[in-house]
Amino acid sequence: MKRFIILALILTLAPVSVAVAQQPLPKPMVTGLVNPESVCLGPGSRPGGPGPGPGGFGPGGFGTPAYNRLYVTTIGEFDKDGDGAVMLIQDDGKAVPFVTGLDDPKGMAAYQRWLFVADKTKVYRIDATQKEPKAELFAPANAFPVPPLFLNDIAIDPESGTVFVSDSGDRNGGGGAVYRITPNGLVSTVVDAKRLPGLHTPNGLAMDGASHLILADFGSGFLYRIKLGDNSSEKIAEGLDGADGVTWDNNGRLFVSSWKNGKLFVIARPGDKPKLVAEGFQSAADTCLDPTGRFILVPDMKAGTITAIPAQVPGAEIDDSPMPLKTEVAFPSLKWADWSPESPNGRVTPLRPLVLTHAGDGSNRVFVGTQHGVVHVFPNDQKATETKVFLDIQDRVQYDDRTNEEGFLGLAFHPKFKTTGEVFVYYTPKKEKMTNVVSRFRLSKDDPTKLDPASEEQLIRYTKRPFWNHDGGTICFGPDGFLYVVHGDGGAGNDPFDNAQNLGVLFGKILRIDVDRKEDGKNYAIPKDNPFIGTKGALPEIWAYGLRNPWRISFDRKTGQLWCADVGQNLFEEIDLIVKGGNYGWNRREGLHPFGGKGTGPQKEFIEPIWEYNHDVGKSITGGTVYRGKLLPELEGYYLHADYVTSKIWALKYDPKLGRVVANRPIKDPSKPVMSFGEDEEGELYFMTMAPNGRGIYRFVK
C-alpha cells in the first residue's frame with residue numbers, strides 16, 4: 001500500500017518544536033515549479049494516505065471527499081496565455097499536470113468536489129474527482145459588474161459555497177475590488193475603493209466565520225475584516241507590506257505571507273500584532289494548511305518551491321505530541337442492575353451512561369447516571385461485578401433517540417452528603433414537553449443505601465418552548481459550597497431569541513445558587529456576592545452568560561477554576577475559563593470569530609475562549625475536567641476533552657501565568673463517540689460512550 005510521502009517529508013524537514021523565525025528555512029518539500037502561486041488541499045484521497053478516503057470526514061463534511069490531495073497553481077511565463085496549470089503533488093513529492101491550458105492562474109480554493117481557480121479576468125471550476133478533470137468557466141469577465149483587471153485570491157464560504165475573489169486592479173492602487181460569486185454564478189461587488197477608502201491592491205482572502213471576510217491589502221500592508229451583511233469593514237492589522245496569502249490554522253491562529261518581503265507572519269489571537277514566523281523566501285505567495293494541520297505550506301513563486309513551516313507562534317509553541325497513554329474498558333465485568341440490552345418487545349436498548357461521579361464521603365464508591373433516569377452505584381474496583389440501583393426515576397424522565405439532548409443529564413452530591421444525605425439531579429420530565437428541572441432528592445429513611453424517589457423537591461424549572469435541544473445539564477458544586485447549573489441558549493440555531501445575551505432569562509447561562517437556605521418563596525437562596533444582584537432586569541441567579549450549548553462544565557479540584565466546553569454551531573468548538581460575571585460572546589462570537597449578522601470582532605465585554613478547534617477537526621466538543629489523580633502523573637494538570645463526532649481525545653494544558661495554552665496532546669481513542677467524562681473520589685478520570693453490551697465506561701492507562 002502506498003504511503004503519503006509528502007507528509008513524511010513535511011514531518012521530517014520541519015520539526016514542530018523549533019521557533020522557526022530565527023532558523024534558516026527548511027529544505028523545500030517540492031521543487032522545480034514554474035512560478036507557483038496558490039497551494040491548497042482539495043478533494044480526493046490516495047490508498048495509504050492519512051485520514052479517510054472519499055466520502056469520509058473532511059472540510060466538506062460527511063458525504064464529500066476528504067481533502068488530502070495537494071494542488072498548486074503554476075503561472076508559467078507571465079502574460080503568456082495557455083501555459084498555466086493546476087498541478088497535483090504526487091505521493092513521491094513530484095508535481096504532475098492536473099489541468100493545463102490556463103493563462104496565469106493564481107488563487108485557488110476547494111469546496112466539496114470542486115477546485116475554483118482565478119485566472120486573470122475569469123474564474124474556473126474544476127471537478128477534481130473526475131478521471132479526466134477539465135476547467136469549466138464559472139464566472140467569465142463579462143459577468144463582473146466592472147471588467148476585472150487582475151483576479152487574484154479566492155475564498156469560499158464552507159456552508160453556502162459562495163465564492164469570494166479579489167481583483168488587484170492595476171496593481172498600482174487603482175481598480176481594486178473584492179467580488180462575491182453565488183453558486184449559480186451571479187457576481188456582485190463586496191468592496192472597492194469607493195466603499196473602502198484607502199483600498200490599494202486587494203490580494204489574500206480568508207473567511208472569518210461564515211459572515212465575515214479577511215482581506216489582505218498587498219499595497220498598504222493592512223488587514224481588513226469585512227462584514228458581508230452590509231459590506232462594512234474595519235482594519236484589524238497593519239505592517240504587512242506585500243501581504244499575499246491568508247490562512248487560518250485549526251486553532252484560530254491566522255498566518256499571513258508577504259510576497260514582497262519573503263516572510264511569513266502569524267496573528268496568534270484576534271487583536272494581537274503580527275509576529276514573524278519565518279523569513280528568507282524570495283516571494284512567499286498564497287499559503288494553505290497541510291493535511292495534518294501542523295504545517296503552513298508556503299509556495300515561493302520566484303524559487304519555484306513549496307516549503308512546510310510549522311504552524312506555531314515563535315516563543316509560544318504548543319506541544320501537540322501524542323500523550324503516551326491509551327484507553328481501555330473500565331470495570332469490564334460489571335453487570336448493570338435491572339438493565340437489559342434488549343427490551344421486552346425485542347428492541348435494542350443500549351446503555352447510555354452520561355454522568356460518573358462520587359459521593360465525596362470517603363467511601364470511594366462510583367455513581368453512574370444513565371440518560372434514561374437510573375443512577376447506579378458500585379465499588380471503585382476494576383474487578384467489580386455488579387451495580388446496585390441508587391435512584392430510579394425512569395417513570396418521570398423523558399428520553400428519546402430523536403431528541404437525544406434530553407433525559408437525565410446531571411447529578412451532584414451535596415458537599416456534606418455524609419451529613420445531609422442530599423443529592424441533586426437535572427433532567428427532562430416526561431409530563432412536560434421542552435422543560436428541564438433541577439431537583440433535590442434525599443436518602444430513603446427505610447433504606448439509606450439509596451435515594452427516595454418520593455423525596456423530590458424541585459428547585460429550578462426551565463421552560464424553553466418551542467425547541468428541545470441545547471439543554472446543557474451539568475450541575476456541580478464549587479469549592480465555595482454553592483451549586484452551579486448550566487443550560488444552553490434554548491435551542492434551534494443562531495439563538496433566535498437572543499437568549500444568551502439576555503440577562504432576564506436563564507438560558508445560555510451558568511447559575512449559582514445556595515441550596516442550604518431558602519428565601520423569597522424559592523427552594524434555594526441567592527449567594528450575596530452573585531454578580532448581577534441589583535442589576536436592573538437581570539436574574540440574580542446568573543453567574544456567567546453568553547454561552548451556546550455547554551457540554552460540559554467542571555471545577556479543577558486543585559485550583560477551583562471553572563472550565564466550560566461550549567459546543568459550536570457553524571464552524572468552531574471552544575473551551576472557556578469561567579469567571580464571575582463573564583460574558584462569553586454567543587451569539588456575537590463563535591470561538592475566536594464573529595458570528596452572524598450581529599457578529600463583531602473582539603470586544604472588551606466579551607471573554608474570548610482559551611482554545612478553539614474548527615470543524616475540519618471535529619464538530620461537537622465534549623468537555624471533561626482537569627486531571628488530579630495519582631495513577632498517571634504525566635497527565636497532572638491537563639484538561640481532558642474530546643469530540644463526539646470524530647471520537648478524538650486530547651489533553652490540554654493551560655498556563656495561567658503565561659495566560660495561554662501550552663499543550664494540546666492527542667490520546668489514542670477507542671473510535672467511539674465520547675458522550676461525557678467523569679471523575680472518581682481519588683481524582684481518576686473516565687469517559688463514557690453508548691454501549692449496546694453495557695461496557696460503556698473507559699479509563700486512561702499507560
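Note that CG of Asp320 and CZ of Arg665 are 9.5 Å apart. Values are rounded to the nearest 0.5 Å. Taken to the nearest 0.5 Å, the OG atom of Ser188 stands 4.5 Å off from the CZ atom of Arg180. Rounded to the nearest 0.5 angstrom, Leu215 CG and Leu199 CG are separated by 6.5 Å. If you take OG1 on Thr121 and CG on Asp103, they are separated by 8.0 Å, rounding to the nearest 0.5 Å. In this structure, Leu151 CG and Tyr179 OH are separated by 8.0 Å, a value rounded to the nearest 0.5 Å. If you take CG on Leu254 and CG on Leu223, they are separated by 6.0 Å, rounding to the nearest 0.5 Å.
Asp153 contributes no side-chain N or O that, together with a main-chain N or O of Gly107, makes up a donor-acceptor pair within less than 3.5 Å. Distance alone, capped at 3.5 Å, places no donor-acceptor pair between the Tyr111 side chain and the Thr162 backbone. Between the Glu136 side chain and the Arg125 main chain, no donor and acceptor come within less than 3.5 Å of each other. With hydrogens and angles ignored, the 3.5 Å screen pairs no side-chain donor or acceptor of Asp290 with any backbone N or O of Ile296. A donor-acceptor contact shorter than 3.5 Å links the side chain of Asp217 to the backbone of Thr201. Under a 3.5 Å cut-off, the side chain of Thr689 and the backbone N or O of Pro673 do form a donor-acceptor pair. Judged by distance alone, with hydrogens and angles left aside, the side-chain atoms of Asp127 form no donor-acceptor pair with the main-chain N or O of Trp114 at under 3.5 Å. Under the 3.5 Å distance criterion, the side-chain polar atoms of Lys275 are matched with a main-chain donor or acceptor of Pro314. Remark: the backbone N or O of Ile226 is not paired with any side-chain donor or acceptor of Ser233 at under 3.5 angstrom.
Side-chain polar atoms of Ser38 and Asp286 form a donor-acceptor pair below 3.5 angstrom.
Between Val567 and Glu573 the shortest side-chain heavy-atom distance falls below 4.5 Å. You'll find the side chain of Cys40 reaches within 4.5 Å of the side chain of Leu115, heavy atoms only. A 4.5 Å side-chain heavy-atom check between Asn570 and His615 finds every atom pair outside the cut-off. Here the side chains of Leu213 and Leu228 are in contact, with some heavy-atom distance below 4.5 Å. Looking only at side-chain heavy atoms (C-beta outward), Val256 and Leu264 stay at 4.5 Å or farther from each other. The shortest side-chain heavy-atom distance between Ser283 and Asp300 falls under the 4.5 Å cut-off. Considering only heavy atoms from C-beta on, Tyr698 stays 4.5 Å or farther from Ile649 through its side chain. In this structure, Ile575 and Pro609 have side chains that are not in contact, with every pair of non-hydrogen atoms separated by 4.5 Å or more.
Residues passing the side-chain contact (heavy atoms from CB on, under 4.5 Å) test with Leu41 are Tyr67, Leu70, Pro291, sequence neighbours excluded. For Phe218, there are no ring-ring contact (aromatic ring centres under 6.0 Å, His included) partners at least two apart in sequence or on another chain. Taking Ile181 as the reference, Val123, Phe138, Ala139, Phe144, Val163, Val165, Val187 meet the side-chain contact (heavy atoms from CB on, under 4.5 Å) condition, with sequence neighbours excluded. For Trp551, there are no ring-ring contact (aromatic ring centres under 6.0 Å, His included) partners, not counting sequence neighbours.
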Counting only pairs under 3.5 Å, give me each side-chain donor-acceptor contact of residues 592-601, with atom names and distances, residues two or more places apart or in other chains.
residue : atom : partner : partner atom : Å
His593  : ND1  : Asp208  : OD1          : 2.6
His593  : NE2  : Glu612  : OE1          : 3.3
His593  : NE2  : Glu612  : OE2          : 2.8

List the atom pairs, with distances to 0.1 Å, where a side-chain N or O of residues 243-250 and a protein N or O form a donor-acceptor pair under 3.5 Å, not counting sequence neighbours.
residue : atom : partner : partner atom : Å
Thr247  : OG1  : Thr287  : O            : 3.1
Thr247  : OG1  : Thr287  : OG1          : 2.7
Trp248  : NE1  : Met207  : O            : 2.7
Asp249  : OD1  : Asn251  : N            : 2.9
Asp249  : OD1  : Gly252  : N            : 3.1
Asp249  : OD1  : Arg253  : N            : 2.9
Asp249  : OD2  : Arg253  : NE           : 2.6
Asp249  : OD2  : Arg253  : NH2          : 2.8
Asn250  : OD1  : Asn614  : ND2          : 3.3

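Nearest heavy atom pair, residue Val178 against residue Pro202, reads CG2-CB, 4.3 Å. Looking at every heavy atom in both residues, Ile267 comes nearest to Ala237 through CD1-CB, 3.9 Å. The shortest heavy-atom contact between Leu240 and Pro274 is CD2-CB, 3.8 Å.
Remark: of the listed residues Val298, Leu289, Val277, Ile309, Val277 is the sole one forming a side-chain contact (heavy atoms from CB on, under 4.5 Å) with Phe255. When the options Lys106, Glu37, Met108 are evaluated for a side-chain contact (heavy atoms from CB on, under 4.5 Å) with Val117, the one that passes is Met108.
Taking 4.0 Å as the cut-off between side-chain N and carboxylate O, Asp669 and Lys648 do not count as a salt-bridged pair. Of the charged side-chain nitrogens involved, at least one lies within less than 4.0 Å of a carboxylate oxygen, so that Glu608 and Arg589 count as a salt-bridged pair. With respect to Arg548 and Asp495, no salt bridge is recorded, no charged nitrogen being found less than 4.0 Å from a carboxylate O.
The environment of Lys260 atom NZ is sparse: at most 12 non-hydrogen atoms of other residues, nucleotides or ligands sit within 6.0 angstrom.
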Q: For side-chain contact (heavy atoms from CB on, under 4.5 Å), just list the numbers for Asn587 and Gln569, CA-CA rounded to whole Å, side-chain angles, deciding distance to a tenth of an Å, and then say yes or no.
A: CA-CA 10 Å; Asn587 64 359; Gln569 177 173 304; over 6 Å; no
